[in-house]
Amino acid sequence: MEYKNVKKPNNGDWAVEANGLVKVFGDNKAVDGVNLNVKAGTIYGVLGPNGAGKTTTIRMLATLLRPDAGSARIFGHDVQKESQIVRQLIGVTGQYASVDESLSATENLIIFSRLLGLGRAEARKKAADLLEEFGLTEAAKRPLKNFSGGMRRRLDLAASLIAQPPLIFLDEPTTGLDPRTRAQMWDTIRRLVNTGSTVLLTTQYLDEADQLADRIAVIDRGHVVAEGTVDELKQSVGTSSLHLRVQNPSDIQIAQHTVEHVLQVQATLTSEAAKITAPMANADLVTDLLIALREKGITLSEVSVQKPTLDEVFLTITGHGVEEKTQEAGTETKRAEAVNV
Ligand SMILES: Nc1ncnc2c1ncn2[C@@H]1O[C@H](COP(=O)(O)OP(=O)(O)OP(=O)(O)O)[C@@H](O)[C@H]1O
Ligand SMILES: [Mg+2]
């Protein structure tokens, strides 16, 4: 389609290279020197609480907002000096779906397909297929203005599948969606990447980043405070933890001593009946521990080794939870919205 004439990756590997991006609104440094590198063909998650600067960063990368400092390249093309080329390489959810609010979902998708150069029959088929895939067939004839938030979000993503640009920005694609629709969105996002696109998505949901993203940047107050694969970020927070429960509560003391002896750490008895937790740096030691417990005749009812959750990662890195608002004086309260570019 359109992208044929644009030399896509003249730098090979990088879909996004952002260096020291800054955006100041009044006296609010919304984005304060963000560096971001996204490999082509991957899903990259930008994670952060309300007001962290996620949308502002995306808007700069998508040529919708001029950076006050720093620079960014999309497939090697400068977002400021080559904004026309960049625009042909990207899709931003929210830009396209609603060509006309009074027209139906089908009509909107057909118009959009035609604008992208598809023939009449092809456009009709594409629209029907996408509406079916996104569970919107029943609502296909309804005018867009009667769509719910979740339906609109799905239609948005459907529209971005028609063009399927090389790089797609999804700003909180699943905020407020029901679990089933959310899972559907995740599948679609994976499909986009499997068929050659690169996706940069923002989210406040740690599990979403965990599920989808090859790499993650955690943004807090305009700064990237951590970057890496999900596993790297989890590891940076420290060790996994061991949880075990003994079948016979009278074994609890001796079990605790055994854990402490084998793992060489302090084990904690939780208030829950007969449960022991301990930090576990080396998961291999679990075998030694199980053997030692068996030799002492202790029967376990439950044992698990858990990696730290991304929630814990976030808390450790930023010093506050992901749900907590970081509004400072003078900053507006922001809605959690999916399409806020
Ligand atoms: N157009 C604007 N004018 C003034 N201030 C703005 C503007 N856009 C964003 N801000 C401020 O910049 C900061 C970062 O906002 P941004 O929308 O980038 O955050 P976000 O990480 O996307 O948050 P959310 O999770 O709520 O979408 C906030 O303090 C916000 O109030
Ligand atoms: Mg936002």
Side-chain angles (χ1 to χ4, degrees), residues 16 18-36 38 43-72 79-80 90-95 97 149-150 152-153 156-157 160 167-177 182 185 189 199-213 215-227 233 310-311 313-315 317-341:
V16 177
N19 279 306
L21 284 180
V22 172
K23 189 69 204 178
V24 185
F25 296 113
D27 56 6
N28 175 16
K29 256 196 173 172
V31 175
D32 192 7
V34 161
N35 302 319
L36 222 50
V38 180
I43 303 181
Y44 196 94
V46 174
L47 194 68
N50 288 132
K54 302 182 296 294
T55 298
T56 308
T57 301
I58 284 203
R59 295 189 65 201
M60 288 191 278
L61 295 176
T63 76
L64 300 169
L65 195 63
R66 177 174 280 277
D68 292 322
S71 64
V79 292
Q80 291 189 74
I90 63 172
V92 185
T93 48
Q95 273 192 308
R152 208 169 266 267
R153 209 85 53 76
D156 243 11
L157 196 54
S160 69
L167 173 63
I168 301 169
F169 294 105
L170 301 174
D171 197 4
E172 297 192 26
T174 67
T175 298
L177 296 185
R182 228 172 142 220
M185 288 289 238
I189 292 167
V199 169
L200 189 158
L201 65 89
T202 70
T203 182
Q204 296 181 41
Y205 301 125
L206 300 156
D207 67 323
E208 181 157 288
D210 205 348
Q211 285 279 334
L212 288 177
R215 293 184 78 83
I216 292 175
V218 181
I219 297 198
D220 192 37
R221 298 179 177 132
H223 295 283
V224 175
V225 290
E227 205 274 344
L233 290 181
L310 268 176
D311 274 304
V313 173
F314 200 86
L315 191 64
I317 293 167
T318 65
H320 55 84
V322 72
E323 301 296 350
E324 195 177 309
K325 301 280 183 286
T326 54
Q327 307 295 337
E328 281 146 27
T331 65
E332 70 191 33
T333 304
K334 293 236 16 205
R335 283 170 298 143
E337 52 189 345
V339 181
N340 49 9
V341 276

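Whatever order the structure lists them in is the order used to number ligands and atoms, beginning at 1.
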For Gly222, is the nearest heavy atom under 4.0 Å from an atom of ligand 1?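 So Gly222 does not count as touching ligand 1.
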Any salt bridge linking Lys54 with Asp220? Criterion: basic side-chain nitrogen under 4.0 Å from a carboxylate oxygen.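 Salt bridge absent between Lys54 and Asp220.
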For the 3.5 Å polar cut-off, considering only N or O atoms, please tell me whether [X] and ligand 1 meet it.
| X | result |
| --- | --- |
| Ala52 | yes |
| Gly53 | yes |
| Glu172 | yes |
| Gly51 | yes |
| Thr55 | yes |

Numbered atoms and elements of ligand 1 in range of [X], under 4.0 angstrom, heavy atoms:
| X | value |
| --- | --- |
| Asn28 | 11 (C), 12 (O), 13 (C), 28 (C), 29 (O) |
| Ala30 | 12 (O), 13 (C), 14 (C) |
| Gln204 | 25 (O) |
| Pro49 | 21 (O), 25 (O) |

With a heavy-atom distance limit of 4.0 Å, tell me whether Val31 approaches ligand 1 through its side chain, its backbone, both, or neither.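 No part of Val31 is near ligand 1 at this cut-off.
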Does some side-chain heavy atom of [Y] sit less than 4.5 Å from a side-chain heavy atom of [X]?
| X | Y | result |
| --- | --- | --- |
| Thr202 | Glu208 | no |
| Leu61 | Phe169 | yes |
| Leu170 | Ile168 | yes |

Hey, does the side chain of Lys29 reach the backbone of Gly222 with a donor-acceptor pair shorter than 3.5 angstrom?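 No.
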Could you pull out the closest heavy-atom pair between Arg153 and Thr175, with the gap in Å?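 Looking at all heavy atoms of both residues, the shortest contact is NH1-O, 2.6 Å.
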Contact summary for Gly45 and Ala213, nearest pair of heavy atoms: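 Shortest heavy-atom separation between Gly45 and Ala213 comes out as N-CB, 3.7 Å.
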Between Val46, Val224, Leu233, which is the residue that forms a side-chain contact (heavy atoms from CB on, under 4.5 Å) with Val218?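 Among the candidates, only Leu233 passes.
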Taking N, O or S atoms only and a limit of 2.8 Å, check whether Thr55 reaches the Mg ion (ligand 2).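 Yes.
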